Amino acid sequence: MEGNYFVDAHTHFVSFGLHLERPDLSKTKSIKEAISLLKKEVGKRGIIIGEDWDESLWEEKRFPAKEELDREFPDVPVIMRRICGHVAVANTRALELIPPGWKYVREDGVLLEDVVLNLNRIFPPSFDEIKRAILRAQEVALHLNVGEIHDILIPEYYRAYLELEKEGKLKIKVLGFVLDEFRDFEEPEGKFVKFGGWKIFLDGSIGARTAALEKFSYTDGGKGMLLHEDEELEELFKLARERGKVLMIHAIGDRAIEQVLRVGKGRVCGDRIEHFELARDEQIERAIEEGFILSMQPNFIGNWSHGGGLYEKNLGRDYRINNRIGLIYRKGGKILFGSDMMPFSPPYGIDSVVRAPFPEQRLSYREAYKIYTSSSFFSKNNQPS
Ligand SMILES: [Zn+2]
């Protein structure tokens with residue numbers, strides 16, 4: 001066996017920890033009970049964000065109303081985020097704090113998509129909250145025997161990791177990738193906190209039908225979209241080579257994958273394609289030949305690839321070519337495994353790929369375990385105390 005701990009190569013560790021630190025509404029049986037849980041937080045935080053309610057489990061069988069939150073919390077901003085993570089309800093105090101321009105904020109207090117997905121940017125946690133969130137997430141990591149994570153960050157999160165290392169509280173290794181908007185990012189590295197490079201999104205997701213497709217189509221005829229021009233990605237490649245860092249390139253659909261292969265040709269030096277979900281046969285060959293590292297999520301197979309699942313619903317019969325991890329492995333591709341926190345669980349990922357519905361996806365347990373415990377970024381015998 002390769003290693004003695006798991007390496008999760010794609011995490012959103014701080015958001016995960018922040019989520020765990022907030023009131024958990026997933027087990028509440030009514031809106032009343034959820035509100036009384038949130039009331040306990042008054043005075044403890046500037047804004048109260050309750051997570052994971054599900055109206056189908058509530059007596060009332062409906063969303064909470066802005067008016068009832070206003071009645072119970074006239075002076076404190078409160079947001080209740082639904083279990084799916086794409087919908088939330090805010091009271092008037094919270095609505096007043098959301099800067100104009102965010103999509104989609106409805107007058108009745110219902111928040112949708114962008115604004116909900118970016119709550120941590122709109123209401124930034126304090127540095128202390130960030131550190132607490134990391135330690136909370138770390139408890140889960142240690143419980144799962146995850147000893148190294150590759151995390152997608154903003155600079156403040158990176159600094160929090162560094163400080164925790166200095167305080168002797170960091171027990172896992174962290175390879176940090178900052179979003180590409182932070183081009184000037186230059187921070188010292190610790191012994192167990194390293195700066196990997198930049199993360200860029202070339203397309204969206206299959207769930208939202210925004211992953212960019214070329215040979216394939218969504219069942220409604222849509223093709224998704226690319227988010228950047230070739231030149232922007234080219235520039236980022238130059239920056240990475242100048243600074244001796246690598247790119248983490250989010251590309252899910254075959255059109256986004258084509259863009260990475262086109263722009264990256266002859267420029268690759270340890271760069272990674274994140275997700276690589278809908279690669280065509282010849283694209284797999286070219287990615288391997290170019291030397292890209294393919295950072296994939298075996299749990300996506302378990303979540304969405306079985307008959308009648310999300311991939312089939314959104315892609316129709318083309319869905320069978322998703323996440324062909326087995327094929328890539330047998331062709332000699334360099335693969336990293338990450339959970340993307342959906343859920344944060346290497347054992348679930350391994351189980352998903354071992355029991356994958358299609359032979360081109362499948363790996364043996366031994367192969368999957370080997371990938372999930374491999375990393376070349378830190379030496380194995382060198383571990384945080
Ligand atoms: Zn992600």
Side-chain angles (χ1 to χ4, degrees), residues 6-20 51 81 84-86 113-114 116-121 130 133-134 137 140-141 144 146 148-155 157-158 161 172 174-182 195-212 224 226-228 233 236 246-253 256-257 260 271-279 292-305 310-311 322-323 325 335-346 348-349 352-353 371-372 375 377:
F6 291 117
V7 175
D8 191 326
H10 189 123
T11 69
H12 300 271
F13 210 62
V14 177
S15 324
F16 176 68
L18 286 170
H19 195 104
L20 294 177
E51 300 277 10
R81 180 153 52 180
C84 63
H86 292 257
E113 298 303 331
D114 249 29
V116 188
L117 296 168
N118 285 290
L119 285 183
N120 293 335
R121 301 289 295 270
I130 296 167
I134 292 172
V140 181
L144 288 166
V146 172
E148 176 181 330
I149 57 163
H150 300 178
D151 200 18
I152 294 140
L153 303 164
I154 56 174
Y157 295 178
Y158 184 89
Y161 281 115
I172 55 173
V174 180
L175 182 68
F177 288 84
V178 296
L179 298 172
D180 75 301
E181 64 202 79
F182 302 102
F195 170 42
W198 291 269
K199 161 93 188 262
I200 182 170
F201 288 85
L202 297 188
D203 64 350
S205 71
I206 295 169
R209 300 184 184 227
T210 47
L226 286 179
L227 303 174
H228 295 279
L233 182 57
L236 212 56
V246 308
L247 297 184
M248 196 189 221
I249 306 165
H250 169 119
I252 289 178
I257 289 168
V260 191
D271 303 288
R272 348 173 353 157
I273 305 178
E274 299 303 304
H275 310 306
F276 200 64
E277 283 168 63
L278 292 178
F292 276 110
I293 293 170
L294 306 170
S295 169
M296 302 183 70
Q297 287 64 44
N299 43 326
F300 288 4
I301 296 175
N303 290 353
W304 307 311
S305 193
L310 179 138
Y311 285 135
N322 74 79
N323 296 294
I325 294 168
I335 303 173
L336 286 175
F337 276 169
S339 69
D340 208 0
M341 317 315 262
M342 295 189 225
F344 179 41
S345 170
Y348 173 68
S352 295
V353 71
I371 295 174
Y372 232 140
S375 166
F377 298 94

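Position 1 is the first residue of the sequence; numbering continues from there. Every number for a ligand or one of its atoms is a count from 1 in the order of the listing. All values reported here derive from a predicted model rather than from experimental measurement.
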Check whether the side chains of Ser305 and Asn322 place a donor and an acceptor atom closer than 3.5 Å, and report yes or no. yes
Where Val178 and Phe195 come nearest, the two heavy atoms and their spacing: CG2-CE1, 3.9 Å
Taking 2.8 Å as the limit, list every protein N, O or S atom around the Zn ion (ligand 1), by chain and residue number. His10 NE2, His12 NE2, Asp340 OD1
Nearest non-hydrogen partners of Pro298 and Gly338, listed with the distance: CD-O, 3.9 Å
Looking at every non-hydrogen atom in both residues, tell me the closest pair between Asn323 and Met296 and how far apart they are. CA-CE, 4.0 Å
Assign the ring pair His275 / Phe300 to parallel, tilted or perpendicular, where the plane angle (0 to 90°) is split at 30° and 60°. parallel
Please state whether the rings of Tyr372 and Phe6 are parallel, tilted or perpendicular, taking 30° and 60° as the class boundaries. perpendicular
